[in-house]
Each structure stands twice: as structure tokens, then as C-alpha cells.
Amino acid sequence: MLYKLYETQRSLMEPFSDFAQASSKLFSNPGSPLSQTPVAQRVSAAYDVFYRLGKDYEKPTFDIKTVLVDGVEVAIHERVYLDKPFCELRRFKRFSDDPATLTKLKTQPVVLIVAPLSGHYATLLRDTVRTMLQDHRVYITDWKNARLVPLSEGDFHLDDYVNYVQEFIRHLQDEYGNCHVVSVCQPTVPVLAAVSLMASRGEKTPLSMTMMGGPIDARSSPTAVNDMAAKRSYEWFENNVIYRVPEGFPGVGRRVYPGFLQHTGFVAMNPNRHMVSHYDYFKDLIKGDGASVEAHRKFYDEYNAVLDMDANYYLETISTVFQDYKLVHGTWDVRAVDGTVERVRPQDITTTALMTVEGELDDISGAGQTHAAHALCEGLTVEKNHLEAKGAGHYGIFSGRRWRDVVYPEVRAFILRSSKPPQESLSTPAVAPTTPALSEEAALMESLAEAALPIVQAEDDSKPAVTLTGAADAAAPQSESQDQQTTVTAATPAPRTSHKRRPSR
């Protein structure tokens, strides 16, 4: 019922929002007589604020057209590599007509970025992708809005998330020999499970895992997010935050955790700061401060765009990660595609290098929660590394200045070392990339994020470019090849524990 009421309210607000947008333009357009009135700027600004508060925010785009590789501009073509019912695996393919650059692109490591499925779209990692494209061949999981997935596609469980990650890794291994995996926040848990299961079966595992700000052990330094999940029962969540998708969407009837509830919860954590941010936006409109206005719009276009999550996945994540701590207790069983159920054993991972990253000021995943992966992966015979980013909050470890200047150089060096044979990686010094200076608008966006959203202690991304769509740039006919990557032989695992799945969940 709540979802229906929300959609009814949004539908009723839509014409008023459109009216506000048109009125704002009438009072700001130099060709309109209304723009010559004494209060035109204030009226236009007020209408604009009302429009942005009432509008419907659609899924953003990555908008990455080019990146610089050693000072050479490289064209980016974004395409869907694999299309699954609940996720698209996207590739950002790079093109260049410079022979030296093209040779370099062909040999750079392949990285799978596993984006969080926790309310926002994968575009929240736009800065992560843009930065890593300088030195890597990049793929990302782009999770779909559950309300757009028909019921005929079935339910989506936490087990399915783990199986998706394994399938994506196998596809990249088939094409390149092997790959590296970077998981940000929520997916650190299913990614660790996916690689653990692959190791237990004797499959080839990724060259490295980089885990950033995730709740591997949510008992460590619990945050407000952890406390809320732990203090409420499974039944409470099922009865109070799960609703069926109403008419008008392809997924009508699907049980979901609505994105608007997630967004409301985020805003409710710091309502005063959001009010101040919108009031500052109003004043910037009056002053004609175009850079600050555009920074505000870009930030909230991303922040206000949310997606629904399948109820099964959401509830199982609450139970497995935040209430029963099944990963750290060694009691997590995952259903494979063939119907068997296997125990998650991180200790079986031996040849996948591990790096964990935490933010000093992270108030989403507390100190030690991600570092706990080191104790679980006790069987590793390769590099283990940990980085605490001083002064960084949750958002700052994967986006913004601290990500680009502090975290990324370490991650890049770690991936480079993990791509080489052990004896070579020990003697090869890490080379930090040069980081482009921030534009005035990018600096304003980061300042806005820090002021508005302490839940992410935020530094926001820099100014995005225009999306390159369709065929590759005619001026850049060649792309990085898909046939060069180091292959790692899988270690001999411990015997697998497997049994038939129980008839009901």
C-alpha cells in the first residue's frame, strides 16, 4: 500500500513539478518580459528549487567519453558485455590511433569492479571507473532496478549475487586468462564468498581481490547502519520495509525493498545539512554562480537516483551479514546454479592476492570490518596488504581527491604486482600515476558533498564528459586487444563439502 501511495503522490506532483520548471525558465530567460521584473531572479530560483524537489530522478549515465593514458587522450566506448536478468556487465573499451599507446593498452591488467547493490546505481562509482581506466581494462557490474524486472525472471537471492560474480569472473578468465576483482562496500562479502567457492572447487581464482569499505565483519566498530540492522528482527524488516511493485512497471507484483525508502532513510540521518545545501543552491541561483549551481545539480542527480532491491536479496543480506555474521562464523552455505549447497571457506583461497582499504572516518563500514578479511583468508601464500586512508570517509575511499591521490596509487601498484610472477613482483617498484588537477567545478562538487552528506564524508567526482555511444570513434579505429593476460594456476583446494539444497529457503 505504501508503494502505491508513493507512486500516486509522485504522479500528482509531476504536473506541478513541470509547471515549476517552465515558470523558472519564464522568469530567467532574457527574452521573457517576466525576467525584467525586480523579483525575477528570486522567483525563478524558488521555482527551480521546487522543481528539483518534486522531479523524478532517473538512472544516471556514466558519461565517460575519454581518459588520458600517459598524456594521450583515449576514446571510451561503453557497451553491455553480458546481460543477465538482474545485472548488466558493462565494459569500457578504450580506443587509440597512437601505436605506442595502443601497445600499452593491450597489456594492461583486466579489472572487474563489483559495484554495490544497496540503493544507488553503479554510476556512483563513476570516478572509480574513470580513474582506473588510465591503467586498466575495466568492467563493472551495473545492477538493474528490481521493479523493472518481470516476475517471470524469478526471484533474486544473495546466492544469485554470488553466482553472478563467479560467472562474470569465469567469462573474463575465458577471454583474458585471468582478471583482478575490486569490490566496493556491500559486495565485499559476496565477492569473498564467490572466490572462496571457486577455490574450494579447485577452479582458477582471480589474480587479486581489492576490498574497499565493506562489512566483512560487521561486529567490528559497529556504525549506526550496523546497529539498526542488528537491533531489528528479520520479521520486522519483512513486515515494515518490504512492498510489492505497483501497476505501471514491468516488475509489477515483485516483492522489493523500495529505493525511495532507502533514500528517505539517508536523508533522515542528516536532514538539516540537506536543507542547508538546498538553501545554498537557492542563493547561488540568485547570485548567478553557475559553477556552484551545476555542482549541486550533478551531485543530487546522482544521490537522488535510487533503485529497488529484490526482497529476498535484501532480507538475506540483513540476516547473513548484519545479524548472523555467517561469513566470519563459518556457517554460510550458498546454493550453486546446479542446486547444490556449498559452505563458504575463505581459508581455501591460496593464490589470490588480497588488499583491503578502509577510511579513517568511515561511518558506514567501521574500522576493522574490511580488514577482517585477512584473518579469514589464512591460507593465502601470496601478498596481503591493508591501507587506511587518513581523513577519508566512506565515499572518499573510492571517489574524489583522496581516492585519486592516496588510495588509487596504492591499488594500482598492488594490482600491478599481482599481475607479475612472484619473483618479479618483489623486485618491481610501484609507479604512481599522475593525477589531473581538479577543475573549479569538481572542487565545488566535493565541497558540496562534504557539507551535505556526512554519511559519506564526501568528496564527489570531477566534471564528467559526454557519453560516447554507437560505434567506436572513426578517428580511433583500433582498440585494446582481448588476448593478453597472465594466467595463474589454481591451487589445490581442501575437499569440497557439497550436498543437495533444502527444498525451501
Side-chain angles (χ1 to χ4, degrees), residues 3-61 63 119-121 123-124 126 145 147-148 246 248-249 258-308 441-442 444-445 447-449 451-453 458 460-461 463-464 466-467:
Y3 206 142
K4 290 182 179 179
L5 290 174
Y6 170 79
E7 283 301 316
T8 300
Q9 178 265 337
R10 191 184 63 81
S11 298
L12 292 174
M13 283 290 296
E14 187 173 0
F16 293 100
S17 179
D18 292 342
F19 172 80
Q21 181 185 31
S23 299
S24 177
K25 292 179 179 179
L26 278 173
F27 280 93
S28 61
N29 192 317
S32 170
L34 294 176
S35 66
Q36 308 304 316
T37 59
V39 294
Q41 284 182 307
R42 290 183 175 273
V43 174
S44 175
Y47 275 125
D48 191 281
V49 171
F50 181 82
Y51 161 68
R52 294 194 60 80
L53 290 175
K55 67 171 288 193
D56 185 31
Y57 289 85
E58 298 180 351
K59 177 185 176 182
T61 57
D63 287 337
H120 283 99
Y121 289 96
T123 50
L124 201 65
R126 184 184 296 105
N145 192 335
R147 73 179 183 180
L148 303 180
F249 299 99
F260 70 84
L261 283 183
Q262 181 85 324
H263 179 262
T264 301
F266 283 155
V267 173
M269 291 177 68
N270 300 279
N272 292 335
R273 299 212 177 190
H274 286 282
M275 290 176 63
V276 170
S277 178
H278 287 296
Y279 182 61
D280 289 342
Y281 172 66
F282 173 76
K283 292 189 294 184
D284 290 335
L285 285 169
I286 295 175
K287 291 186 297 183
D289 186 348
S292 296
V293 165
E294 188 62 21
H296 176 99
R297 287 173 177 168
K298 287 183 177 180
F299 182 83
Y300 277 97
D301 282 348
E302 189 76 55
Y303 187 72
N304 291 340
V306 290
L307 54 76
D308 296 351
E441 182 179 320
L444 283 167
M445 290 181 71
S447 175
L448 170 67
L453 302 174
D460 197 47
D461 53 39
K463 182 177 180 180
V466 180
T467 302

Set of side chain to side chain contact (heavy atoms under 4.5 Å, CB included) partners for Met275, sequence neighbours left out | Asn272

Between Asp301 and Arg52, does at least one N-O distance fall below 4.0 Å, as a salt bridge requires?
-> yes

Main-chain N/O of Ser24 paired to Ser28 side chain as donor or acceptor, under 3.5 Å | yes

Taking all non-hydrogen atoms of both residues, which atom of Phe50 and which atom of Ala20 are closest, and how far apart?
-> CD2-CB, 3.4 Å

Note: Lys4 and Pro246 closest approach over all heavy atoms is CG-CB, 3.8 Å

So does Asp63 pair up with Arg126, basic N to acidic O under 4.0 Å?
-> no

Considering only NZ, NE, NH1 and NH2 on the basic side and carboxylate oxygens on the acidic side, decide whether Glu7 and Arg10 come within less than 4.0 Å.
-> yes

Do the side chain of Thr264 and the main chain of Phe260 share a donor and acceptor less than 3.5 angstrom apart?
-> yes

Can you measure from NZ (Lys283) to NE2 (His278) and round to the nearest 0.5 angstrom?
-> 14.0 Å

Got more than 12 heavy atoms from elsewhere within 6.0 Å of NZ, Lys25?
-> no

Output yes when a side-chain donor or acceptor of Ser35 lies under 3.5 Å from a complementary backbone atom of Asn29, and no otherwise.
-> yes

Correct closest heavy-atom pair for Gly54 and Met13 would be CA-CE, 4.2 Å

Short question: side chain of Thr37, backbone of Leu34 - any donor-acceptor pair under 3.5 Å?
-> yes

Check: Ser23 side chain, Phe19 main-chain N or O, donor-acceptor pair, under 3.5 Å | yes

Dump the intermediate steps for side chain to side chain contact (heavy atoms under 4.5 Å, CB included) on Tyr6 and Leu261, then the final yes or no.
-> CA-CA 10 Å; Tyr6 170 79; Leu261 283 183; over 6 Å; no

Validation row: Leu307, His120 side chains within 4.5 angstrom (heavy atoms) | no

Taking atom OH of Tyr57 and atom CD of Glu302, what is their separation to the nearest 0.5 Å?
-> 12.0 Å

Are any side-chain N or O atoms of Asn145 and backbone N or O atoms of Asp308, one a donor and one an acceptor, separated by less than 3.5 Å?
-> yes

So, are Asp284 and Arg297 salt-bridged, with charged N and O less than 4.0 Å apart?
-> no

How many angstroms lie between atom OG of Ser277 and atom CZ of Phe282, to the nearest 0.5 angstrom?
-> 14.0 Å

Output for pair (Tyr3 OH, Phe249 CZ), nearest 0.5 Å, gives 5.5 Å

Whether Tyr303 and Tyr300 hold their rings parallel, tilted or perpendicular, with breakpoints at 30° and 60° | perpendicular

Mind checking the CD-OH spacing from Glu294 to Tyr281? Nearest 0.5 Å is all I need.
-> 8.5 Å

If you round to the nearest 0.5 Å, how far is CG of Asp280 from CG of Leu285?
-> 11.0 Å

